[in-house]
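Each chain gets a letter, A, B and so on, in the order its sequence line appears, and its residues count up from 1.
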2 protein chains.
Amino acid sequence: MPRAGLSPDVVVRLALEVVDAGGPSGFADLTLAKVAARAGVAAPSLYKHVGSLADLRREVTVIAVRELTAAGTSATVGRAGADALHALADAWRRYALAHPGRYAATQIGADPDDPADAVHRAAGEESVRTVVSVLRGFGLPDERVVDAVRAVRAGVHGFVTLELGAGFRMREDVDQSFTVLLDMLVAGVAALAAPDPAQATTGSDR
Amino acid sequence: MPRAGLSPDVVVRLALEVVDAGGPSGFADLTLAKVAARAGVAAPSLYKHVGSLADLRREVTVIAVRELTAAGTSATVGRAGADALHALADAWRRYALAHPGRYAATQIGADPDDPADAVHRAAGEESVRTVVSVLRGFGLPDERVVDAVRAVRAGVHGFVTLELGAGFRMREDVDQSFTVLLDMLVAGVAALAAPDPAQATTGSDR
DNA sequence: GCCGGAAAGCTACGCCTATTAGCCAAAGGT
DNA sequence: ACCTTTGGCTAATAGGCGTAGCTTTCCGGC
């Protein structure tokens, strides 16, 4: 009975392979049995390295969130304003399209009350920090930053989710549609920063 | 040995109860065992009324998509332009917040090749039709309609998804953030209709 | 009013998952 | 060399979907 040379890190790495091999539903379909098969080991053996399937999912999620964050930050260094926002959104979308399973993992929300989710929570906040930095470059008033962050996250995340979920027909035009959406968001954020001209729409404030 | 008085429709109704009782993950957590428990029946008995769990999910999905569509259309009758778009988006968001489990069901994409998904596919197209109608009121050129539809769907869907997934802290400001996002989308769609940089809001020419 | 068949329950089973318990061999430090 | 820790294993429990086959109830036709 030879050893398989597993370790917590190796198990997580194999889990990532399973997620990547499963397409957009790779994360939802992540199973200890599949990881064990890839490791050449019986399923219960994994418990020597991992607490539970939930733990493994959590670790995969944190890695994915950090990768997404890193993609965003590295895409925006040396850029500002609309340029930076485009680069950030493009980086997010590219990551999602290149690693749909991992991206799905990032959609999981951390439980605000669960201490086990503390790392996950911190990773999410770190990710938001990138967006905040980029948007601050637009000179937004502090109380509007949160609105802008939410709008950008919602737009990009929604687009990518719909795209991955086969929500769009006419594949060819998807890039253009994404550009259009981004232009809307950039213009909207810019308008939030400088609400003086006659183009204030109907929005008002509350 | 008494009969439970089940029928396909009753089983679907019970499934909807299970989905509704399960919060945002109610659809993902839908299980034949739970439906059977609610019906007061052993799980295999359900197969007299339903082909499989997948079938039951499909039926739930179609109902949810149709309800979401109906919420959108009924909210936009007699409205046009920015008014209609606001009403449509509000209706979507209200539906999602009121029925998070059913809304999650609507996120499932129909398989373009699976004949069993034909009804699902049709329901989805019907839903898109509402958005197209509303956006046509902005006088968009035909080739931009698809971009606008995608932007609006992405923005609203992304926002609601993040909101349901506990992606937002500071609950109080969420309504305002949604309004801000909608204003961006309205202005963006209007700008698509009238691409003069001068005025970005009045989209009612043509 | 009876009776036969279809419909709607049931139990038992097979196969999949996660997870726990307890055993045994391999690695490695002393 | 030994002996402890560690990392595998098998066996078993619990819960999920789905199938097979049995039994009971209901209803329509006589």
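- B:Asp29 has its CG atom 16 Å from the C1' atom of D:dC17, to the nearest Å.
- What separates CG of B:Leu30 from C1' of D:dC17 is a distance of 12 Å, to the nearest Å.
- For the contact set between residues 8-24 of chain A and DNA chain D, defined by any heavy atom under 4.0 Å, there are no members.
- Between the side chain of A:Thr76 and the backbone N or O of A:Arg79 there is no donor-acceptor pair closer than 3.5 Å.
- Ranking D:dT25, C:dT19, D:dG8 by closeness to the B:Arg3 side chain, first place goes to D:dT25.
- Nearest heavy-atom pair across A:Ala39 and A:Ala4 is O-CB, 4.2 Å.
- Here the CZ atom belonging to B:Arg129 is positioned 12.0 Å from the OG1 atom belonging to B:Thr73, to the nearest 0.5 angstrom.
- One N or O on the side chain of B:Arg121 and one on the backbone of B:Asp111 form a donor-acceptor pair closer than 3.5 Å.
- For B:His49, a side-chain nitrogen or oxygen approaches OP1 or OP2 of C:dG9 to under 4.0 Å.
- Put simply, NZ on B:Lys48 is 6 Å from C1' on C:dA8, counting in whole angstrom units.
- Taking the ring axis of B:Phe159 as reference, the NZ or CZ atom of A:Arg150 does not stay both within 45° of it and closer than 6.0 Å to the ring centre.
- Contacts between residues 36-47 of chain B and DNA chain D, counted as heavy-atom distances below 4.0 Å, involve B:Pro44, B:Tyr47.
- We find that CZ of B:Arg57 is positioned 12 Å from C1' of D:dG16, with the value rounded to whole Å.
- Residue A:Leu32 contributes atom CG, which lies 11 Å from atom P of C:dT20 at whole-angstrom precision.
- The side chain of B:Thr31 contributes an N or O atom lying less than 4.0 Å from OP1 or OP2 of D:dC17.
- What separates CG of A:Asp55 from P of C:dA18 is a distance of 13 Å, to the nearest Å.
- Just one of A:Val41, A:Asp9, A:Leu6, A:Leu46 meets the side chain to side chain contact (heavy atoms under 4.5 Å, CB included) condition when paired with A:Leu14; it is A:Leu6.
- Look at B:Asp90 and B:Arg93 and you find no salt bridge, because none of the NZ, NE, NH1 or NH2 atoms lies under 4.0 Å from a carboxylate O.
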- Walk me through it: do A:Ser177 and A:Asp173 pass the test side-chain hydrogen bond (donor to acceptor under 3.5 Å, both in side chains)? CA-CA 6 Å; A:Ser177 293; A:Asp173 299 333; over 6 Å; no
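- Within the 4.0 angstrom heavy-atom criterion, only backbone atoms of the sugar-phosphate kind lie near B:Gly5; the bases stay farther away.
- Side chains of A:His86 and A:Asp183: a donor-acceptor N/O pair is present below 3.5 angstrom, by distance only.
- The CG-C1' distance, from B:Leu53 to C:dC15, rounds to 16 Å in whole Å.
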